[in-house]
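The structure appears below as structure tokens.
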Amino acid sequence: MNSFARRLLAWFDAHGRHDLPWQHPRSAYRVWVSEIMLQQTRAETVIPYFQAFMARFPDVRALADAPVDEVLHLWSGLGYYARARNLHRAARLLLECHGGELPAERDALEALPGIGRSTAAAILAQAFGQPEAILDGNVRRVLARHAGIDGWPGSPAVQRRLWAVAEERVPGLRMADYTQAIMDLGATVCARSRPECHRCPVAGDCVARAEGRVADLPTPRPVRALPVRTRWAALLSVPEGVYLERRAASGIWGGLYSLPERDKAGELRDWILARWPGARQIEPPVDRIGHAFSHYRLDLRLLRFALPPAACGIMEGEQAIWYNSRLPTRVGLPAPIERLLIEHGDSDQWREP
DNA sequence: AAGACGGGGCC
DNA sequence: GGCCCAGTCTT
């Protein structure tokens with residue numbers, strides 16, 4: 001075993017995290033779900049979602065048998081909702097093609113939706129003990145610093161070098177522990193800001209440490225300004241609730257339920273009045289929700305409407321619901337929309353006086 | 001190769 | 001308010 005892995009494992013035995021929920025018990029299914037949740041999301045954020053998910057979907061069959069809306073419901077607030085839809089699709093594929101078990105082969109894993117190179121490797125290493133290298137954000141940071149690799153890790157050339165280093169250092173033994181160890185080191189000691197090099201088991205031969213470049217590695221992504229996108233949304237109230245419709249499966253908030261939206265206020269108003277001729281706009285007319293995505297900033301402006309009492313019954317359909325925060329429907333909601341509905345609570349307050 | 005895709009935690 | 005995270009998929 002190489003010296004890097006040996007020191008890391010000794011550190012892990014003494015200081016690593018041994019109490020994460022997906023470690024007890026460590027089944028392939030639990031490792032898989034945890035790895036998907038952990039994509040782009042911190043462990044502390046994931047833990048409560050993981051617990052709720054396992055309570056509701058204890059195995060592949062429970063997940064496959066559930067309606068996708070319920071999976072999205074338990075994913076609400078976690079973001080990147082394609083992950084949840086892929087997880088659900090993959091569970092159904094596992095039942096069809098792999099007897100409901102996760103395959104222990106890299107190609108078969110990577111063929112499942114939502115599983116790429118790193119996640120496949122994480123499952124193989126942690127659930128099956130195979131000598132596969134992972135390369136997630138934490139590992140990228142540890143290796144870029146320890147090996148002194150310059151350049152933004154998003155670029156293909158830098159990625160290739162990082163993968164090569166990651167593979168060189170795989171120990172072959174204790175793969176579950178090693179995989180957890182290198183992620184833990186990145187999550188705790190070798191953190192993005194204020195790394196604690198004095199506590200690092202591999203600081204002795206860390207290139208960034210030796211060259212005083214710990215704070216400069218890994219190289220940050222090139223800067224670019226975020227565009228602002230303005231959209232108009234309608235808060236349509238009846239005593240029974242607020243009108244929500246299912247969004248398209250792809251794109252922002254895919255598959256979640258949200259307020260009807262248009263690019264222009266006029267388009268939105270015209271659509272509403274055509275559908276509900278008795279709708280009346282409520283003053284003050286405009287409220288707004290600001291929301292930052294990784295690639296643009298959303299300025300969502302709200303128009304409020306009260307509908308005639310009979311409106312509710314007409315519109316019930318599979319793609320639209322009347323949502324009441326006191327009797328929440330089990331569907332996925334975007335985090336800022338859920339906050340709005342909770343803040344305003346009872347829909348009765350939007351009724352006309 | 002580049003862009004799309006969420007939300008929260010941290011500074 | 002900016003940065004970026006336990007990546008993958010689409011184009």
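No experiment lies behind these values; they were computed from the predicted model shown. Below, read A as the first sequence line, B as the second, and so on, with proteins coming before strands; counting in each chain starts at 1.
Rounding to whole angstrom units, CZ of residue R221(A) and C1' of dA2(B) are separated by 10 Å. Here the C1' atom of nucleotide dG6(B) and the CZ atom of R247(A) are 12 Å apart, to the nearest Å. One interatomic measurement links the two molecules: CH2 of W163(A) to C1' of dT8(C), which rounds to 12 Å at whole-angstrom precision. Distance CG (L135(A)) to P (dG7(C)): 9 Å, rounded to an integer number of Å. In this entry the distance linking CZ of R140(A) with C1' of dC5(C) reads 9 Å, nearest Å. Look at CD1 on I36(A): it is 11 Å from C1' on dA6(C), rounded to the nearest Å. Remark: P of dT10(C) and OH of Y81(A) are 19 Å apart, rounded to the nearest angstrom. At whole-Å resolution of the value, CG in L226(A) and C1' in dA4(B) are 13 Å apart.
Within 4.0 Å (heavy atoms only), L20(A) reaches at least one base atom of the nucleic acid. Within the nucleic acid shown, Q180(A) comes within 4.0 Å of at least one base atom, counting heavy atoms only. Nucleic acid contact class of I134(A) (heavy atoms, under 4.0 Å, all strands): none. Using a 4.0 Å heavy-atom distance criterion, G154(A) is classed as making no nucleic acid contact. Nucleic acid contact class of W22(A) (heavy atoms, under 4.0 Å, all strands): base.
A donor-acceptor contact under 3.5 Å is formed by the side chain of R17(A) with the base of dA6(C). At a cut-off of 3.5 angstrom, counting only N and O atoms as typed in the model, there is a donor on one side and an acceptor on the other between the side-chain of R42(A) and the base of dC5(C).
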- Message: Quick one, Q281(A) with R269(A), criterion side-chain hydrogen bond (donor to acceptor under 3.5 Å, both in side chains). Give me CA distance, side-chain angles, the key distance, then yes/no.
- Response: CA-CA 9 Å; Q281(A) 196 168 346; R269(A) 203 175 289 119; 3.2 Å; yes
- Step by step, would you call S118(A) with R140(A) a side-chain hydrogen bond (donor to acceptor under 3.5 Å, both in side chains)? CA-CA 11 Å; S118(A) 189; R140(A) 262 197 296 278; over 6 Å; no
- Stepwise side chain to side chain contact (heavy atoms under 4.5 Å, CB included) check, E240(A) with N324(A): CA-CA 7 Å; E240(A) 289 78 5; N324(A) 185 319; 5.7 Å; no
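One finds a side-chain N or O of W253(A) lying less than 4.0 angstrom from the OP1 or OP2 phosphate oxygen of dG7(B). Distances shown here put every side-chain N or O of R89(A) at or beyond 4.0 Å from the OP1 or OP2 atom of dC9(C). In this model, the phosphate group of dG6(B) is not approached by any side-chain N or O of H291(A) to a distance below 4.0 Å at OP1 or OP2. Distances shown here put a side-chain N or O of R194(A) below 4.0 Å from the OP1 or OP2 atom of dC11(B). The phosphate of dC9(C) (OP1 or OP2) has no side-chain N or O of Y80(A) nearer than 4.0 angstrom. Put simply, H295(A) has no side-chain N or O that comes within less than 4.0 Å of OP1 or OP2 on dA4(B). Dashed line: the shortest gap from a side-chain N or O of R297(A) to OP1 or OP2 of dG2(C) is under 4.0 Å. A sub-4.0 Å separation between OP1 or OP2 of dA6(C) and a side-chain N or O of Q39(A) is absent.
In this structure, a donor-acceptor pair under 3.5 Å is present between the side chains of H146(A) and D205(A).
Using bins of under 30°, 30° to 60° and over 60° for the plane-to-plane angle, the ring pair F293(A)/Y296(A) lands in the tilted bin. Aromatic ring orientation, W75(A) versus F53(A): perpendicular (interplanar angle above 60°, classes split at 30° and 60°).
Between the P atoms of dT8(C) and dG9(B), the separation comes to 23 Å (whole Å). For dG3(B) and dA6(C), the P atoms lie 23 Å apart once the distance is rounded to whole Å. Nucleotides dG8(B) and dC9(C) are separated by 23 Å at their C1' atoms, to the nearest Å. Taking atom C1' on both dC4(C) and dC5(B), the two are 14 Å apart, rounded to the nearest angstrom.
Position along DNA chain C of the nearest nucleotide to P113(A) versus P218(A) favours P218(A) as the more 5'-ward residue. Across the interface with DNA chain B, nearest-nucleotide mapping of P156(A) and P334(A) shows P156(A) to be the residue nearer the 5′ end. Taking the nucleotide of DNA chain B with the nearest heavy atom to each of R339(A) and Y296(A), the more 5' of the two is matched to Y296(A).
Smallest separation of non-hydrogen atoms from I289(A) and P336(A): CG2-CB, 3.9 Å. The two residues V31(A) and A122(A) have their closest heavy-atom pair at CG1-O, 4.2 Å.
Two residues are said to be in side-chain contact when any heavy atoms from C-beta on lie closer than 4.5 Å; N138(A) and I182(A) fail this criterion. Annotation: side chain of V170(A) is not in contact with side chain of E132(A) (no heavy-atom distance under 4.5 Å).
Near DNA chain C, defined here as any heavy-atom distance below 4.0 Å, the residues from residues 118-133 of chain A are S118(A), T119(A), listed numerically.
Taking every side-chain heavy atom of R83(A) into account, dG6(B) is the closest of dG6(B), dG9(B), dA6(C).
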